[in-house]
Amino acid sequence: MVALDHNTLGCSYAALILHDEGLPINAENINKIIKAAGVEVESFWPGMFAKALQTAKVGDLISNVGSAAPAAAAPAAAAAAPAAAAGGAPAKEEKKKAPEPEEEEDMGFSLFD
């Protein structure tokens with residue numbers, strides 16, 4: 001296994017274990033779990049993970065993996081914000097009609113002629 005993967009996987013799994021147990025995710029606790037598992041990581045990795053996850057809600061990160069809904073909703077909310085700030089109601093979007101399917105034209109031949 002590549003050293004980078006080894007380091008990040010060890011810290012990731014340690015952080016998930018700490019979250020699952022309801023313990024604070026800090027460098028000291030990550031190091032304890034990594035050492036108990038017999039995994040060796042470079043010394044700066046646990047601190048980086050602890051700092052990165054310090055303000056994150058790990059439960060939300062886990063449950064939103066692969067979810068694109070918040071990212072897609074952000075531009076729509078940003079577009080509606082100026083209209084709401086101006087005191088007006090957001091403009092109603094015109095309902096687009098689906099194009100009607102074209103009728104088949106008789107080309108003068110048939111598959112079964």
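Note that the coordinates shown come from a computational prediction; the quantities given were computed from them, not determined experimentally. Residue numbers run from 1 in the order of the sequence given.
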K.L.:
Nearest heavy-atom pair of Ala50 and Ala27: which atoms, and what distance?
P.N.:
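That would be CB-N, 3.3 Å.
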K.L.:
Closest approach of Val39 and His6, non-hydrogen atoms and distance?
P.N.:
CG1-CE1, 3.5 Å
K.L.:
Quick one: closest heavy-atom pair of Glu40 and Asn7, and the distance?
P.N.:
O-OD1, 4.1 Å
K.L.:
Only counting residues at least two apart or in another chain, list the ones meeting side chain to side chain contact (heavy atoms under 4.5 Å, CB included) with Asn26.
P.N.:
Pro24, Glu28, Asn29
K.L.:
Rounded to the nearest 0.5 Å, what's the gap from NZ on Lys51 to CD on Gln54? Could you check?
P.N.:
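Lys51 NZ to Gln54 CD: 6.0 Å, rounded to 0.5 Å.
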K.L.:
Where is the tightest heavy-atom contact between Cys11 and Pro46, given as atom of each residue plus distance?
P.N.:
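Cys11 and Pro46 have their closest heavy atoms at SG-N, 3.8 Å.
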K.L.:
Taking all atoms of both residues into account, what is the closest heavy-atom pair of Phe49 and Thr8, and its distance?
P.N.:
CZ-O, 3.7 Å
K.L.:
Looking at every heavy atom in both Ile25 and His19, which two are closest together, and how far apart are they?
P.N.:
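Ile25 and His19 have their closest heavy atoms at CD1-CB, 4.1 Å.
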K.L.:
Go through the structure and list residues passing side chain to side chain contact (heavy atoms under 4.5 Å, CB included) with Ile33, not counting sequence neighbours.
P.N.:
Ala14, Ile17, Leu18
